Student: 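Take this structure, written in structure tokens, and hold onto it; I'll ask about it next.
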Amino acid sequence: MMTTTPTALANKRLAVLISGGGSNLKAIHHAIENGLLTDAEIVLVVSDKPTAKGLEWAFTQGLKTALISPALCKEAEVSFEAVLLDALLEHQVDVIVLAGFLRIFKAEVLTAFAGKIVNIHPSLLPAYGGKGMYGAFVHEAVLANQEAHTGCTVHLVTADVDEGEVLGQAKVPVLPNDTVETLAQRVLEQEHRLYAEVLQRWLPTI
Ligand code: GAR
């Protein structure tokens with residue numbers, strides 16, 4: 001009698017791109033380690049900044065890391081995007097996960113990974129999005145406008161900054177005594193939960 005063995009679904013191979021602390025990278029890694037995010041693995045962590053704390057952390061976790069310095073690329077007269085695409089290809093990356101990565105992609109990356117790049121943004125997009133709106137600048141603007149609520153958004157990345165399809169959002173109240181730091185911290189807590197939740201739901205669809 002012939003028997004067939006079900007083929008195991010291959011893990012989605014994620015490249016997580018960071019520019020700073022990497023708390024979202026840590027949250028995604030933690031979600032994978034704890035079985036909250038399944039059928040996915042981080043095969044590469046890329047930073048465009050040598051000072052990114054998250055890169056050092058990734059290295060200590062045994063994750064593959066790459067520092068791609070825009071300044072060194074310029075000096076060597078190669079494009080940042082070409083070096084990045086080479087690294088992504090070498091590690092057979094399926095999906096690019098932007099986690100506090102502050103560089104805007106040029107067309108070649110967007111085309112090569114169309115529909116397969118996600119980002120997290122610390123506001124309820126379309127509010128407080130677009131060029132120049134990132135990190136603390138977002139929370140400053142929210143506080144200056146005395147908003148009652150803010151939050152975070154996971155969305156697909158397209159050529160229009162922060163305008164790709166929204167995959168998930170979480171709302172966070174703005175409290176009377178909030179500072180940029182306290183608000184950023186409470187939004188980050190929601191980002192960590194939301195990113196893993198959205199990836200778990202979205203990855204099987206691509
Ligand atoms: C996060 O708040 C993320 O939403 C934001 O940078 C922070 C990175 O924190 N991203 C943007 O503003 C992108 N427009 P992390 O390095 O601790 O994950």
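Computation of the quantities below employed the complete heavy-atom set of this structure, encompassing side-chain atoms and omitting hydrogens, waters and symmetry-equivalent molecules. Whatever order the structure lists ligands and atoms in, that order sets their numbers, starting from 1. Keep in mind the model is a prediction, meaning the values are calculated, not measured.
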Student: Counting C-beta onward and ignoring hydrogens, is there a side-chain heavy-atom pair between Trp202 and Val154 closer than 4.5 Å?
Tutor: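 In short, these two side chains do not touch, never coming nearer than 4.5 Å.
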Student: Check whether any side-chain heavy atom of Phe105 sits under 4.5 Å from a side-chain heavy atom of Leu17, and report yes or no.
Tutor: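 Of all side-chain heavy-atom pairs linking Leu17 with Phe105, at least one is under 4.5 Å.
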Student: Is there a donor in the side chain of Tyr128 and an acceptor in the side chain of Asp162, or the other way round, less than 3.5 Å apart?
Tutor: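 No pair is found: no donor N or O on one side chain lies under 3.5 Å from an acceptor on the other.
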Student: Does any donor atom in the side chain of Thr158 or Glu163 lie under 3.5 Å from an acceptor atom in the other side chain?
Tutor: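 Distance-only check fails for Thr158 and Glu163.
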Student: Tell me if a side-chain donor or acceptor on Arg13 pairs with a main-chain N or O of Leu44 at a distance below 3.5 Å.
Tutor: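 Checking the backbone N and O of Leu44 against the side chain of Arg13, no donor-acceptor pair under 3.5 Å is found.
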Student: With hydrogens left out, which residues have an atom under 4.0 Å from ligand 1, given that only heavy atoms count?
Tutor: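 Within 4.0 Å of ligand 1, the protein residues are Gly21, Gly22, Ser23, Asn24, Gly100, Ile120, His121, Pro122, Met133, Tyr134, Gly135, Leu188, Glu191.
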Student: Side chains of Ser23 and His192: is there a donor and an acceptor less than 3.5 Å apart?
Tutor: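 On atom types as modelled, these side chains qualify, holding a pair under 3.5 Å.
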